[in-house]
There are 2 protein chains.
Amino acid sequence: MNPEFHTYKNPSLAVDLVVFGYHRQSLSVLLLNRKDAPFKDGWTLPGGFLQMEETLQQVCNRIMRTKIGIENLYLEQLYSFDAPQRDPRGRVISIAHYTLINPERFEIIAGKMANDVQWFPVNQIPELGFDHTEIFRQASQRLKSKILYHPVGFELLDETFTMTELQALYECILDISIDRRNFRRKILDAGFILLTGSKREGLKNRHPDLYKFNKDLKQNSFQLNISSPQ
Amino acid sequence: MNPEFHTYKNPSLAVDLVVFGYHRQSLSVLLLNRKDAPFKDGWTLPGGFLQMEETLQQVCNRIMRTKIGIENLYLEQLYSFDAPQRDPRGRVISIAHYTLINPERFEIIAGKMANDVQWFPVNQIPELGFDHTEIFRQASQRLKSKILYHPVGFELLDETFTMTELQALYECILDISIDRRNFRRKILDAGFILLTGSKREGLKNRHPDLYKFNKDLKQNSFQLNISSPQ
DNA sequence: GCAAAAGTGTTGGCCGTACACCCATGA
DNA sequence: TCATGGGTGTACGGCCAACACTTTTGC
C-alpha cells in the first residue's frame, strides 16, 4: 500500500437525506427531532455517518431502515456540503441525497421513534439545524427540474392513478397551476404512462381513466414544457 | 464533543478534477501520467486528498496550483464516486469537480511536471485509471447541459471574441453544427454578451465585431434552444 | 472584380396556449 | 335534470428553423 495512504486524519463523511413524500395532494418532507446536542429539540434532516465498507446507497438505506422503517427507495445524489463549521462537533462533510416515497405504502415506524419523526409540508418547513435548510432548498430545486425530464411520479403515486392525480402532483412540485387539457396532451406525448383500461370507481362524477407508468420504457428521458396559464 | 464522534475509521476523501481547456477550436482535458502504482505510467485525472481543514474548493485550487500552476478557476462540483473497489489502495470516496480554463492565459508548468501533464482532445481520451473514464464522461455531459443555461464561455474564451468564435465553442462542446444566423439571434436574445464597439483586425475578410461577456448581468441564467440543422 | 466571411432580414410551418364542447356520473 | 369533473377537439399566434441578400475585406 502506498505509504502516503491513510497517514493523515480524514474529515468524517456523513449522508443527509431529504425524504419527499406525497400524500393527499401535498408534498412533505420527513424531519427528525433531535434528542441530543447540538440542536437538541430542534428539527433536522435524517442523516448518518458512512461506515468503512458502506456505499452511499447503503448508508441511505440504513438510515431509512432504522429511522423510518423502509428502504429500497428512489435515491438521487444531490450535492456535497463541506463548510468547515457546518457541524459544531467537528469536521463533517455531508453528501446529501434525496428520496421519493409514497407514505401510504409504508407505515412510518410507530414505535419509540414515533415522536421523533414527522412530515412537514414543504411550504411549512421550520428552521433546521446544521446547514439543512440549504440542503432542503437545493433538493426542492433539483426535484423541480428533474420532474420535467424524468418520470418522477413512479415513486410518489399508487400503482394506478388518474390524469388529474398526476397533474396535481406536477402542480404541487412545480408550485404552479397547469391547464388540464394541455397537461394531458404533453404527458401523453412524453409517452411514459399507459392506459390500464379500467377506471376509478366510487366518485361522484364521471369515472376517470386509470393510468400506469410504462416500466418497459426504453427512453427514460423527455422534455416537458410545462407552464402556467397567463 | 459527542462520544460517538470520530470513533470509527472513515473512508479517505479525495477530489478528482476534470480540467477542460479550449484552444484552437478544440476542447481538451488535462490528464496526468502517473509515476507510481496503481496505474503506473497510465493516464488519470489530476486529484488529491482532502486535508482536515480544507474546503473542497481549496483542495481543487491546491491541486491546480501544484500540478498545473494555476488556480482561482471556474469550479463546479460534479458528483461523488463511492464504489468500494474504485481505488485499489483502499477505500476512497472521490468528490469529482470540473473546471474550465483558457490555456492561453496560463502557461502549464514547464518544469519537472512537463512530461506528466498533457492535454487530450475530448474525442481522443485514452483509457483512464480508477473510474476516471466514467467521471470524465459525466463531466462532459454536465458541461453540455450547463452551457445551455449558463454563460460558460466566460472562462474559455479571451476577453473579447467574435460571434463566430463563440459559435465554434458551442459547436465544439455540444458536438453539433449550428446555423450561423439563428445562433446569433439566440445568443443576443439571451443577453449575456455585449458589443465592444471594436472589430477584430488582420483577417482576410470582413472584420467581425468583437463582443465581451456582460459581467454586470443580474440574471445569470437563461434557456438556449440550440439544435442542429435538419 | 472576386472570393470568403460577416452582418441583416424574411417567411413558412409547427407547436403550444387558450379555450369550447360534449360525456358520464351521483344525487 | 343539474352540477361537477373528465375526455376530446380546435384555432389563433408566436416563435424558430431555414434560407437570401447585402456588406466588407484581402488579393
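Within every chain, numbering begins at 1; the chains are lettered A, B, ... in the order of the sequence lines, protein sequences first and strands thereafter.
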Rounded to whole angstroms, how far apart are [atom1] on [X] and [atom2] on [N]?
{"X": "A:R200", "N": "D:dG6", "atom1": "CZ", "atom2": "P", "value": "11 Å"}
{"X": "A:R180", "N": "C:dG16", "atom1": "CZ", "atom2": "P", "value": "19 Å"}
{"X": "A:I178", "N": "C:dC19", "atom1": "CD1", "atom2": "P", "value": "17 Å"}
{"X": "B:D179", "N": "C:dG9", "atom1": "CG", "atom2": "C1'", "value": "13 Å"}
{"X": "A:L188", "N": "D:dG9", "atom1": "CG", "atom2": "P", "value": "12 Å"}
{"X": "B:N205", "N": "D:dT25", "atom1": "CG", "atom2": "C1'", "value": "6 Å"}
{"X": "B:I193", "N": "C:dG7", "atom1": "CD1", "atom2": "C1'", "value": "14 Å"}
{"X": "A:K186", "N": "C:dA18", "atom1": "NZ", "atom2": "C1'", "value": "11 Å"}

Does B:R181 make a side-chain N or O approach to OP1 or OP2 of C:dG7 shorter than 4.0 Å? no
For a quick test of reading the model: is some side-chain N or O of A:H207 closer than 4.0 Å to OP1 or OP2 of D:dG5? no
Would you state whether a donor and an acceptor, one from the side chain of A:N182 and one from the base of C:dA18, lie under 3.5 Å apart? yes
Taking the six-membered ring for Trp and the full ring for Phe, Tyr or His, determine whether the centres of A:Y22 and A:F20 are under 6.0 Å apart. no
Heavy atoms under 4.0 Å, any strand shown: does B:T162 hit a base, just sugar-phosphate, or nothing? nothing
Is any side-chain N of the basic residue among A:D158 and A:R200 closer than 4.0 Å to the acidic one's carboxylate O? no
Residue B:E201 excluded, over 12 heavy atoms near CD under 6.0 Å: yes
Whether B:F81 and B:Y79 hold their rings parallel, tilted or perpendicular, with breakpoints at 30° and 60°: perpendicular
Side chain of B:D209, heavy atoms from C-beta onward: which of C:dG7, D:dG6, D:dC16 has the nearest atom to it? C:dG7
Could you say whether B:K199 or B:N225 is positioned toward the 5' end of DNA chain D, judged by the nucleotide with the nearest heavy atom to each? B:N225
Ignoring hydrogens and angles, state whether a donor on the side chain of A:T196 or A:S198 is under 3.5 Å from an acceptor on the partner side chain. yes
